[in-house]
Amino acid sequence: MALYSDKVMDHFYNPRNVGIIENADGVGEVGNAKCGDIMKMYLKIDNDIITDVKFETFGCASAIASSSMATELIKGKPVSEALELTNKAVAEALDGLPAHKMHCSVLAEEAIQSAIEDYQSKK
Ligand code: FES
């Protein structure tokens with residue numbers, strides 16, 4: 001069996017929502033001290049709805065696929081719903097990640113939470 005699902009490969013080779021948002025309403029940056037990978041998430045929020053989201057990830061294939069999928073999962077959603085997005089849900093949406101790569105999806109959950117905290121602290 002292939003190590004990565006077709007969805008992981010697709011989101012790695014064609015990541016959605018890569019980039020930055022100027023004047024974002026919330027920005028979150030998190031890292032994994034062990035592998036040194038970094039993920040930055042930018043949110044545009046209107047009336048508590050995430051109208052746009054972009055990311056920059058300096059990391060492994062799983063981290064890039066996780067960020068890409070996570071942005072798709074929260075775009076157009078209320079902030080409260082995005083806050084509840086778990087790394088498990090991101091991995092499931094990617095049709096799974098190898099067990100030793102699950103921590104990469106945690107970065108996506110944490111980056112979103114960190115960006116939302118930033119947004120809430122500015123309100
Ligand atoms: Fe670092 Fe995947 S190995 S996030």
Side-chain angles (χ1 to χ4, degrees):
M1 203 189 94
L3 184 60
Y4 293 115
S5 70
D6 289 346
K7 270 198 192 160
V8 172
M9 297 309 283
D10 177 33
H11 279 263
F12 170 56
Y13 284 122
N14 309 293
R16 324 311 194 248
N17 306 308
V18 176
I20 64 170
I21 298 178
E22 301 288 349
N23 303 318
D25 297 305
V27 181
E29 183 174 327
V30 293
N32 180 305
K34 275 197 192 140
C35 62
D37 291 349
I38 296 170
M39 192 181 292
K40 200 164 178 182
M41 206 54 87
Y42 301 82
L43 301 176
K44 199 81 202 154
I45 298 172
D46 201 13
N47 268 330
D48 270 352
I49 302 286
I50 298 173
T51 55
D52 199 11
V53 47
K54 295 229 183 297
F55 78 90
E56 292 177 302
T57 292
F58 304 94
C60 71
S62 302
I64 290 168
S66 294
S67 354
S68 169
M69 180 54 87
T71 59
E72 294 256 282
L73 291 173
I74 64 166
K75 207 171 188 175
K77 298 274 165 60
V79 168
S80 57
E81 222 172 285
L83 263 180
E84 282 169 14
L85 183 72
T86 61
N87 77 298
K88 226 174 140 242
V90 173
E92 271 166 22
L94 287 167
D95 290 339
L97 284 171
H100 68 286
K101 285 287 180 182
M102 277 305 281
H103 75 272
C104 315
S105 61
V106 173
L107 277 185
E109 176 187 321
E110 289 178 351
I112 289 169
Q113 284 174 359
S114 161
I116 292 175
E117 273 166 27
D118 181 48
Y119 160 69
Q120 287 172 336
S121 73
K122 287 181 190 158
K123 267 214 284 191

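The basis for the numbers below is simple: all heavy atoms, side chains too, and nothing from hydrogens, waters or symmetry mates. Atoms within each ligand, like the ligands themselves, are counted from 1 in listed order.
Using a 4.5 Å cut-off on side-chain heavy atoms (C-beta onward), I74 and L43 make contact. Taking the side chain as every heavy atom from C-beta outward, T71 and K75 never approach each other to under 4.5 Å.
In summary, H103 places no N/O/S atom under 2.8 Å from atom 2 (Fe) of ligand 1, failing the contact criterion. C35 lies apart from atom 2 (Fe) of ligand 1 in this respect, since none of its N, O or S atoms is found at a distance under 2.8 Å.
Remark: ligand 1 atoms within the under-4.0 Å shell around heavy atoms of C104 are 2 (Fe), 3 (S), 4 (S). Numbered from 1 in the order shown, with element, the atoms of ligand 1 that lie under 4.0 Å from a heavy atom of C60 read 2 (Fe), 3 (S), 4 (S). The distance from ligand 1 to the heavy atoms of A63 drops below 4.0 Å at these ligand atoms: 4 (S). Those atoms of ligand 1 that come under 4.0 Å of a heavy atom in L107, given as number and element, are 4 (S).
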Would E72 and N17 satisfy side-chain contact (heavy atoms from CB on, under 4.5 Å), going step by step from the backbone distance to the final call? CA-CA 8 Å; E72 294 256 282; N17 306 308; 3.9 Å; yes

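In this structure, T51 contributes its side chain and K44 its backbone to a donor-acceptor pair below 3.5 Å. Judged purely by atom type and a 3.5 angstrom limit, S114 has no side-chain atom pairing as donor or acceptor with the backbone of E110.
Within the 4.0 Å heavy-atom criterion, neither part of S62 lies near ligand 1. Contact annotation for K101 and ligand 1: only side-chain heavy atoms (C-beta onward) come within less than 4.0 Å of the ligand.
With hydrogens left out, the protein atom closest to atom 4 (S) of ligand 1 is D37 OD2, 3.1 Å, a heavy atom.
At most 12 non-hydrogen atoms from other residues, nucleotides or ligands lie less than 6.0 angstrom from NZ of K34. Surrounding CG of N14 are more than 12 heavy atoms belonging to other residues, nucleotides or ligands, all under 6.0 Å away.
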